[in-house]
Amino acid sequence: MTFGKGCHLHLIDGSAYIFRAYHALPPLTRKSDGLPIGAVAGFCNMLWSQLANNKGDDAPTHIACVFDYSSKTFRDEIYDQYKANRPELPEDLRPQFPLTREATKAFNVACLEMEGYEADDIIATLARQAREAGGEVTIISSDKDLMQLVGNGVEMFDAMKSKRIGVDEVEEKFGVKPDRVIDVQALAGDSVDNVPGAPGIGVKTAALLINEYGDLETLLERAEEIKQPKRRQALIDNADLIRISKRLVTLDDHTPVEWTLDELEVRAPEAEPLMGFLTQMEFRTLTKRVAEALKVEAPAIPEAPAVPVSHDAEEEAPAPDQPPFDHAKYECIRDAGALTRWVDLIRERGYVAVDTETTSLDEMRAELVGISLSVIPGEACYIPLGHKQGGGDLFGSNDLSDGQMGLDEALAILKPVLEDDAILKIGQNMKYDWKIFARQGIQVGPIDDTMLMSYAMHAGQHNHGMDLLSERYLSHKSIEIKSLLGSGKSAITFDRVPIDEAVKYAAEDADITLRLWQAFKPNLHRVQVTTVYETLERPLVPVLADMEMAGIRVDGQVLSRMSNTFAQKMAGLEAEIQEIAGQPFNVGSPKQLGEILFDTMGVEGGQKGKTGAYATGADVLEDITTLEDVNPDAAKLAATVLDWRQLSKLKSTYTDALQTAINPDTGRVHTSYSIAGASTGRLASTDPNLQNIPVRTEEGRRIREAFIAGPGMRLVSLDYSQIELRILAHVADIPQLKQAFRDGIDIHAMTASEMFNVPVEGMDPMVRRQAKAINFGVIYGISGFGLARNLRIPRAEAQGFIDRYFERFPGIKDYMEATVAFAKENGFVQTLFGRKIHTPEINAKGPHAGFARRAAINAPIQGAAADVIRRAMIRMPAAIADLPATMLLQVHDELLFEVEEGAVDKLIATARDVMEGAAHPAVHLDVPLVVDAGQGANWAEAH
DNA sequence: TGCGTCACG
DNA sequence: GACGTACGTGACGCAC
């Protein structure tokens, strides 16, 4: 049949459907061998229902499925940043591409792809040819980039939503008729495809402008006439970029296609190859449906899972229906027989939610009190092991309560399960339980962690504690631990909780954890954070647990001596301060200090905060010290208070507190890292915080001398040099910065040289300092005010620097604007490694907006640096397994090791390789990562 | 418990 | 045109 009038061509945007199917469906795998086939399944369902629906008047006479051939197209020649923001292809999607081609052929549909062209261009070309031949065209896609083709006998159809997209729908989306869509797209840009567009102009403004001026060229020619100064300038400054953008979004409808329309004539599916393919994929439901339609016998497929219905991409599915929480259904396990029955149930299921109850939040001192388990929502058990008699009063005895299994007996039964490779152990904050079990000689694995799942999906939206997650995702308010233990001074430990109460609380925790896991698991794929969870979060659990258990040796006597010295010096300063003030007062009280300085001594310009007290922060006091001529007493007082404050801080937060943090059993300090604390992906160290040990002042740095290596050992410190700036240079693609890092030259001096046209050789240190401040400012989402305050220069001058900087490095400004635009559109930003950080405040009005904006700019940079060191840490244990060395601490861009003296050089070489190569192979950075190393008997020497 | 302050990257 | 601002943390002491 020759294509012509009366013919109807269907063009299926195959690549788009693969992605949509992948993200919409849970991670299906072929049962027989685990091959990922979720996207193929979704694609086949779509294709089949498309073919099955093609009956009646509207039925196509010709049909083709069009695919992208490769990522490189002619658009990369026009603009090297095109689609540069695209996240890496998920590992489990790539192998599905060839299968979708096979599927298309199995359904007897023409399968089209062409090197160097996107599917969209082929679609545009065929659509044009079909129209010229007098036929009708339906494009099966919902991609907005295809909407420019709609009209004059061409329409689109969203197969997932079963929705027709015609001229009206396009106009609704873009605010203009289809023939002007490319103008709007050129102006508005596209953060997903990285089409630049005009900064500050979105679809709405673009449509407004196009409708007013008619078309893009007229608009650009008459840009001077635009009233709003920002828009006017954006258009004038970016005219070239806008024209490039237009070329990027304009589809090429004259691609040299190798097929004639006649070749695309609809062909009935042939039963044999189609059934063969579907059975091979083990799609049971679809095989049956297709077999019925083709009136053939469906071949038997052993035990294949049904193909689930699809959901909208990117959206989390609600928690599945669940039984109510019923505390009466929880079982208390008191003997080996009952526990063995649970173990059988666990083995049958292949997974179990586990929770431990202990006497302390400090895992290194905590005693195991009981264990709870759950494998079916609503059903859970608690195994009391260390409950003591006599309740919470002081006279409770230390004898164990009756009716408990022996600890060793219970653990002997559980150990094989907890260590079984075939049984998944699910926990909420598994690092805690992992350590408790590790101290009992049990290496728990493999694991899943609901807290980390939530973190991967919801960072920036809320915290990830169990109580919050339960309420938010299960609509269930969990029993508060306070109701069992009390609070404050009279609080008891869990071993004093009566067993029947403990059962309800503890079993509920396991029940909740299991339900959260079932709710979260399929959503990881929908939100596209499976890789983040599996490569950056979950594997960190055992690594951090080992580091925390190792601890770092701290010399309490050194700290004690320092505390005494500080106390003496402080007493002297305090006397001096009271003398100047002419009255005794509490130097540690900012309120009293403020009143003395600003009311009694008459210093002017005191600023009151929201509590009505004067601000007396270091910056305020430093300003007062410059008033020597006006108010010498106040200047002296402020200076002395600053000294006192420094000592007070060092003593209370470090030399005193660290002594009490030394574990008497190990003689070492064991911090705890929260994996899901910081929204950007950074770790946070608590109890004690070992990530803020002083280093910037000489006096403070001496505290690091108390952090020592064991006998015959050394401490080795490796830290990334300028990692955030390097990442900025890469993501914002700044040629000068990238080259400077490749050449290994001083980055701040280079910046100064570019900005002020001075040679790097013999540079004024002040000029370099200013450039350094700007480089850091950029990472933080720079503002004139902030830079001015940091450099103590007038605001106008600071703004001048920033303008100059943006002029020299326009890519930085583009990056910042693109990031903010992305956040506004999506509600999150992303790191190079796919980590999502939500920015719920980004569309807020008022002062909030500034914070959110800067946080959004900073998050992908800080977050990518955090991802890099996480990757290094995860690989480190295997890399140094043969060395007599232990990884002890992480301080954001630094790793601290303890190693036998003879192996220092080997460790440095090995660990440096791991750290410098940590981005590979997920991301290829355009700049090298460089790691500096040091070693010594203590942390001060090593750093 | 909230705030101010200050230690780190 | 004014608003207020560098990003991300945790721990301490004071004052309520």
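Chain naming here is simple, since letters A, B, ... match the order of the sequence lines and numbering starts at 1 in each.
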Are OP1 or OP2 of [N] and a side-chain N or O of [X] less than 4.0 angstrom apart?
{"X": "A/Thr616", "N": "B/dT5", "answer": "yes"}
{"X": "A/Gln592", "N": "C/dA15", "answer": "yes"}
{"X": "A/Arg854", "N": "C/dC7", "answer": "yes"}
{"X": "A/Ser589", "N": "C/dA15", "answer": "yes"}
{"X": "A/Arg789", "N": "C/dA6", "answer": "yes"}
{"X": "A/Arg696", "N": "B/dC8", "answer": "yes"}
{"X": "A/Asn692", "N": "C/dA11", "answer": "no"}

Residue met sooner reading DNA chain C from 5', once A/Ala855 and A/Ala657 are mapped to nucleotides = A/Ala855
Base C/dC14 paired with A/Lys591 side chain (donor-acceptor, <3.5 Å) = no
message = Using a distance-only criterion (donor-acceptor N/O pair, under 3.5 Å, no hydrogens), is the base of C/dT5 paired with the side chain of A/Arg853?
response = no
request  = Please confirm whether the backbone N or O of A/Ile747 pairs with a side-chain atom of A/Thr751, one donor and one acceptor, at under 3.5 Å?
outcome  = yes
ask   = Checking A/Thr565 side chain against A/Arg561 main chain: does a donor-acceptor pair fall under 3.5 Å?
value = yes
Just call it for [X]: base, sugar-phosphate, or nothing, with non-hydrogen atoms closer than 4.0 Å on any strand.
{"X": "A/Ala859", "result": "nothing"}
{"X": "A/Ala865", "result": "nothing"}
{"X": "A/Ile779", "result": "nothing"}
{"X": "A/Ala615", "result": "sugar-phosphate"}
{"X": "A/Gly588", "result": "sugar-phosphate"}
{"X": "A/Ala852", "result": "nothing"}
{"X": "A/Asp719", "result": "nothing"}
{"X": "A/Gly777", "result": "base"}
{"X": "A/Thr653", "result": "sugar-phosphate"}

query = Does the side chain of A/Arg704 pick up a donor-acceptor pair with the side chain of A/Ser717 at under 3.5 Å?
reply = no
inquiry  = Give me each pair satisfying salt bridge (charged side-chain N to carboxylate O under 4.0 Å, His left out) with a member in residues 611-620 of chain A, each pair once, sequence neighbours excluded.
reply    = none
request  = Determine the Euclidean distance between corresponding P atoms of C/dA6 and B/dG4; express it in Å to zero decimal places.
outcome  = 14 Å
inquiry  = Rounding to an integer number of angstrom, what distance separates B/dT5 and C/dT5 when you compare their P atoms?
reply    = 14 Å
key: Centroid-centroid distance, A/Tyr533 to A/Tyr455, less than 6.0 Å   = no
